[in-house]
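Computed from heavy atoms alone, side chains included, the values below leave out hydrogens, waters and symmetry copies. First the proteins, then the strands, lettered A, B, ... as listed; each starts at 1.
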Protein chains: 2
Amino acid sequence: MSLETKERILDAAEGLFADHGFAATSLRQITAVAGVNLAAVNYHFGSKEALLTSVFEHRVVPVNQERLRMLDALEADAAQGKAIDVEDVVRAFVLPAFHAVEGFGQQGAKFMQLVGRMHSETNEQLRVTFLKLFRPVGQRFVPALRQLLPSLSEDEVMWRLHFMIGSLAHILVCTQLEETLMGKLAGGSDLVEALVQFNTAGLAAQAPAAVGVRRA
Amino acid sequence: MSLETKERILDAAEGLFADHGFAATSLRQITAVAGVNLAAVNYHFGSKEALLTSVFEHRVVPVNQERLRMLDALEADAAQGKAIDVEDVVRAFVLPAFHAVEGFGQQGAKFMQLVGRMHSETNEQLRVTFLKLFRPVGQRFVPALRQLLPSLSEDEVMWRLHFMIGSLAHILVCTQLEETLMGKLAGGSDLVEALVQFNTAGLAAQAPAAVGVRRA
DNA sequence: GTATGATTGAAATGAACGTTTGAATTAGAA
DNA sequence: TTCTAATTCAAACGTTCATTTCAATCATAC
């Protein structure tokens with residue numbers, strides 16, 4: 001039955017792409033795990049690249065929709081006169097990723113590991129395809145941060161956003177690995193809170209002095 | 001002449017591994033760029049994996065030695081009664097990476113891009129080999145941070161260290177790319193200062209309240 | 001000049017890859 | 001039941017890969 005075949009391929013691909021990356025995952029691995037025939041991938045998805053794109057859309061779109069909904073809610077609050085702050089925006093960015101981790105069990109964690117890795121994916125076409133799914137998020141979060149951090153230049157806001165993305169992506173990958181710099185990293189809700197606080201403080205930090213005027 | 005052949009292979013490999021990752025870079029690409037024969041890789045390095053390991057050692061070891069020297073200097077200062085703070089430690093961690101970028105021109109930037117990517121490399125053996133080169137750094141920086149941040153638990157210090165690693169790794173990769181979330185990211189010394197301040201603020205942030213006690 | 005080891009070159013080896021092909025099977029509609 | 005389209009299957013296709021092989025060439029020492 002075609003719907004089941006597609007789902008089985010998507011699930012298998014998701015997990016294997018997360019573990020091994022795109023280049024080092026073969027279609028034969030995916031089809032073995034999914035218990036389907038090799039030709040099914042091209043029949044249902046057209047190509048290996050298109051399969052990965054389907055995996056993204058299957059999962060990234062709902063995560064980003066949740067981000068945008070949370071930001072909508074914050075903006076509605078602000079319109080009612082309630083103050084919102086940097087932490088609120090950080091939560092709207094960070095928490096949906098962890099909701100995905102929690103909401104789909106091991107498969108969700110695997111998927112978010114893949115998302116973490118896509119930020120440094122070397123297949124440029126795929127990385128760009130992936131980024132396109134995040135464009136709506138960038139287009140909403142950058143102005144929100146700019147409003148909250150009016151003293152920062154445009155470059156500074158972009159940099160800080162990327163620092164946050166990097167910290168989140170790295171955590172999504174590392175919490176699935178047995179070995180990291182000093183052993184296995186603990187996970188859980190305390191980690192999520194720590195990530196929120198770290199990024200809140202970092203985003204809200206005083207802008208650095210101009211170069212050459214660091215502590216006399 | 002053998003020394004020249006080895007260097008040409010190392011240089012070509014460094015750039016190509018940085019651009020395309022390990023799995024998607026073939027030895028034939030490397031030897032074409034290096035202008036040497038395919039068999040030379042196995043003759044001089046033994047295997048593709050060993051080539052990448054040689055690339056790491058060629059460059060990571062000096063960067064990490066600089067980190068440790070900077071930390072040594074901070075600790076000597078502290079022994080003389082001079083106060084050191086979180087920003088000093090962040091600088092000792094972050095600046096050597098950017099010294100490598102600046103010090104070797106485009107080749108240094110390529111190498112640091114590879115370093116940024118290795119944090120999420122899917123070839124587990126290679127990633128672990130890479131991490132081993134950072135063990136001395138972890139063994140020195142973690143206690144230094146723990147001393148400066150005594151109110152944080154061990155997990156919290158590890159998490160924050162990883163947030164910093166993630167932000168640095170992401171920047172090392174992204175500043176080499178034409179497309180990022182909202183266009184091309186600016187580089188330069190202001191970026192480095194921004195990264196230092198972001199991570200200083202994040203590392204020094206008040207520990208988050210226990211879960212469930214967030215703003216009533 | 002000769003001998004030995006180092007180094008390079010071209011081809012081969014064995015394996016793996018994504019995509020395609022055409023037949024067989026399945027599913028659904030009339 | 002028959003017909004048609006959808007789906008699956010197994011094999012083939014053309015390509016690419018890292019490693020190995022062995023002869024040729026180069027470099028060095030005696």
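Whole-Å rounding puts the B/Asn37 CG to C/dG9 P distance at 5 Å. In this structure, OH of B/Tyr43 is placed 13 Å from C1' of D/dT25, rounded to the nearest angstrom. C/dC17 atom C1' lies 16 Å from atom NE2 of A/His20, rounded to whole Å. Residue A/Arg28 contributes atom CZ, which lies 16 Å from atom P of D/dT15 at whole-angstrom precision. Between the P atom of C/dC17 and the CG atom of A/Leu16 lies a distance of 12 Å, rounded to the nearest Å. Atom-to-atom, CG of A/Leu126 to P of C/dG18 comes out at 13 Å; the value is rounded to the nearest Å. Straight-line distance from the CD1 atom of A/Ile30 to the P atom of C/dT19: 11 Å, rounded to whole Å. Nucleotide D/dT8 holds its P atom 13 Å from the CG atom of A/Asn42, rounded to whole Å.
One finds no side-chain N or O of A/Ser47 lying less than 4.0 angstrom from the OP1 or OP2 phosphate oxygen of C/dG18. Residue A/Thr5 has a polar side-chain atom (N or O) positioned under 4.0 Å from OP1 or OP2 of D/dT8. An OP1 or OP2 oxygen of C/dC17 is reached within less than 4.0 angstrom by a side-chain nitrogen or oxygen of A/Ser26. Note on A/His44: a side-chain N or O is less than 4.0 Å away from OP1 or OP2 of D/dT8.
A/Arg146 and A/Glu156 are not joined by a salt bridge, as no carboxylate oxygen comes within less than 4.0 angstrom of a charged side-chain nitrogen.
Of the listed nucleotides (D/dT21, D/dT8, D/dT19), D/dT19 has the atom at the smallest distance from the side chain of B/Leu38. Of the candidates D/dT19, C/dA10, C/dT19, C/dA10 carries the atom nearest the B/Ala39 side chain, counting heavy atoms from C-beta on. The A/Lys48 side chain lies nearest to C/dG18 when the options are D/dT19, C/dG18, D/dC17.
For the pair A/Asp85 (side chain) and A/Asp88 (backbone), a donor-acceptor distance under 3.5 Å is present. Between the B/Asn64 side chain and the B/Leu133 main chain, a donor and an acceptor come within less than 3.5 Å of each other.
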Legend entry - Stepwise salt bridge (charged side-chain N to carboxylate O under 4.0 Å, His left out) check, A/Glu66 with A/Arg69: CA-CA 5 Å; A/Glu66 187 186 344; A/Arg69 278 197 302 270; 5.1 Å; no
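Taking the centre of each ring, A/His162 and B/His170 come in below the 6.0 Å mark.
At the heavy-atom level, A/Thr31 lies nowhere under 4.0 Å from the strands shown.
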